[in-house]
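Labels below follow one simple rule: chain letters A, B, ... track the order of the sequence lines, proteins then strands, and each chain is numbered from 1. Treat the numbers as computed from the prediction; the structure is a model and nothing was measured.
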Amino acid sequence: MPNKLMGTFAAVIGLIAASAVLAADTQPAGSATQPVSVDEAYQARIVKLAGHVQYALPGANGEPGEWQEAKVGDQLPAGTRIRTRLRSHVVLTFGDDTVVMIDRATLASIDQFHRSADTKHIRLGLGHGAVRAGVAETTLRSDMTIETPTATLSKKGTMDFGIEYEPSTGRYRVYLARQGLVEALDHVSGRSRTLMPGQYVTEAMVRWIETALFDRTVALADVFGMTGAERLFNALSGSGLGVLEPGGGQAAGQCAGSGGGSSSSTGSGGGLGTQPGAGLAAGAIISQLTGQRVITRPEGNFGTGNGRLPRLPGNR
Amino acid sequence: MTHYGVVGPKRTAHPGQDIIAMRYAWSRMLLASLALLAGAGLGCGKNLRVEQADQGEQVDVDTLLNEHLQRQPMVTVGEAYRVMLILADGDDQYTSFDQRRTALEERGAIRAEWGLEREEPIDKGSVAYMVCRIIKAPGGINYNLFGRLGVGDRRYALRELEFLGLMPSAVPYRYITGGELVDLVAKADRYMADKGHYTHEAVDLSQTLQENTDTP
């Protein structure tokens, strides 16, 4: 019985803690925690602004002050909160090497911006919305993180990276568009992912190679619309490995009539690394076997799947 | 048979009577539960949120999007109408619920047949239909064919937004939370900017950084 009571008590405490976390979800993750011992404290500067943007400077006791309209040139110290409306964004510079864009319908905060020794520390909080950033390499090391309640983005010398966060569902998307390296850390699962340029990761923390599998367009072969010759060609050369053959797959392309540019020819032959007339011979064999002419395509036929082999012994 | 502290008639020696008594007890509990549910249904036919609707009309646009709605587990019709007009125009220029309803009806974003009231929680399907009309989503065959007639209009609108990646998969009759609504309009606003529904200047971070470096 005491164990049961203790279990119930622990569950109640857990629920209270969970509700407290949920209640705090709409606030930027970080807090104004500028360290006491810093070599130099900096201020961010508004360089571009569109639409309607407001910020609240930190008060004397650490509480956020009144919201005021933002304008270009305003200086924002650590502890400042920023919010944007629809059709609005604001671009901030953190020194001469870091630029941050706070996108539409976003609540964000500047938690830290200072220099310690040879490192410039920038820590942003994101309550909801989206933030993009870019950091140029300089002599001063740059340590930058963007925190949300469920994930943290840590950059490692990058240009054009960002995070989008939805507190209502806990979903987020961390991406790196151009160059450098970005690390995403999921607070819920404790897992992290390193992103290369052009990659992104969501709350599923799926590896990029697995995400890319679902992002690419998959062309489905129309087996019913293909001629017998096309089906045979795909059966022989539809593995996608033709480019690895001598001549970079020229022979396979000529077999399907690529490069000829004429709909009446079955291949010009004489491609790089191929025997002259090889394409013609292959096309003739296919035509003899199937009784159908190989259709010439200027762009080449790189295979659209495996069709059934027509009228060949052992074919089912 | 020994009874320890049991008050009531003595148990009979016939075991079948116990089973019958248990069945009657279950029947009584079932009837009582049904009566309770019926009473609750009669007493709470509509889940009105009057105070929330009042606050949603009084706060300014920034507070509405970034603070007020973020705390709401349900969104009232009045708040949703206001957010939809902010999405459509970039700002809310109306002062009352009736004005907003008229404005949305004139734009074809809502249907009068829905009969939505200001203090009622709004469902995802209705919100999806309004967003689809405001962002001029193309929609599929069912959305354009049956949806225009009012048959499954809100359901097909929700599916259209799912397809566009603006809303996660959901059922149209479920209530939408305030946070979900803000996330939705933020994505819808980006969709409108990408489609050129309003003038929008893209930000090139590299260029901005270069300009910042050049500036003394």
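Contact between B/Q70 and A/P167 at its shortest, heavy atoms only, is OE1-CG, 3.8 Å. Here the closest heavy-atom approach between residue B/L209 and residue A/T98 is recorded as CD1-N, 3.7 Å.
Neither the backbone nor the side chain of A/A50 comes within contact range of chain B; no heavy atom of the residue lies under 4.5 Å from a heavy atom of that chain. For A/A177, no part lies under 4.5 angstrom from a heavy atom of chain B. Heavy atoms of A/D103 lying under 4.5 Å from chain B belong exclusively to its side chain. Only the side chain of A/Q54 comes within contact range of chain B, judged by heavy atoms closer than 4.5 Å. When heavy atoms are compared at a cutoff of 4.5 Å, A/R171 approaches chain B solely by way of its side chain, counted from C-beta outward.
Ranked by non-hydrogen atom pairs under 4.5 Å with chain A, the options B/L65, B/L205, B/V61 are led by B/L205. Looking only at heavy-atom pairs under 4.5 Å with chain A, the residue among B/K187, B/M192, B/E201 that has the most is B/K187. The candidate from A/D96, A/V91, A/T169 with the greatest count of non-hydrogen atom pairs under 4.5 Å with chain B is A/D96. Heavy-atom pairs under 4.5 Å with chain A were tallied for B/G179, B/S206, B/A188; the largest tally goes to B/S206. For chain B, the option among A/E166, A/R104, A/R132 with the highest count of heavy-atom pairs below 4.5 Å is A/R104.
In this structure, B/F163 places its CZ atom where only 12 or fewer heavy-atom neighbours from other residues, nucleotides or ligands lie under 6.0 Å away. In B/R159, the CZ atom is not crowded: 12 or fewer heavy atoms of neighbouring residues, nucleotides or ligands sit closer than 6.0 Å. Environment of CZ in B/R107: crowded, with over 12 heavy atoms of neighbouring residues, nucleotides or ligands closer than 6.0 Å.
Between the side chains of A/H128 and B/D183, no donor-acceptor pair is found at a separation under 3.5 Å.
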Extract all donor-acceptor atom pairs below 3.5 Å that involve side chains of residues 168-176 of chain B and protein atoms in other chains or at least two apart in sequence.
none

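A/L107 CG to B/D62 CG: the interatomic distance, rounded to the nearest 0.5 Å, is 10.5 Å. In this structure, the separation between OG1 on A/T106 and CG on B/N66 is 8.0 Å, given to the nearest 0.5 Å.
Residues of residues 128-144 of chain B lying under 4.5 angstrom from chain A, judged on non-hydrogen atoms, do not exist here. Of all residues spanning residues 84-92 of chain B, those with a heavy atom less than 4.5 Å away from chain A's heavy atoms are B/I86, B/L87, B/A88, B/D89, B/G90, B/D91, arranged by number.
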Discussion item. The test is side chain to side chain contact (heavy atoms under 4.5 Å, CB included); show your working for A/R85 and B/L64 and say whether it passes.
Written reply: CA-CA 10 Å; A/R85 203 182 277 186; B/L64 175 74; over 6 Å; no
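Checked for salt-bridge contact, B/D204 and A/R178 meet the test: a charged N lies under 4.0 Å from a carboxylate O.
Residue pairs meeting the ring-ring contact (aromatic ring centres under 6.0 Å, His included) criterion with at least one partner in residues 61-87 of chain B, sequence neighbours excluded, are B/Y81-B/F97.
Only one option out of B/T177, B/L184, B/L69 pairs with A/S168 in a side-chain contact (heavy atoms from CB on, under 4.5 Å); it is B/T177.
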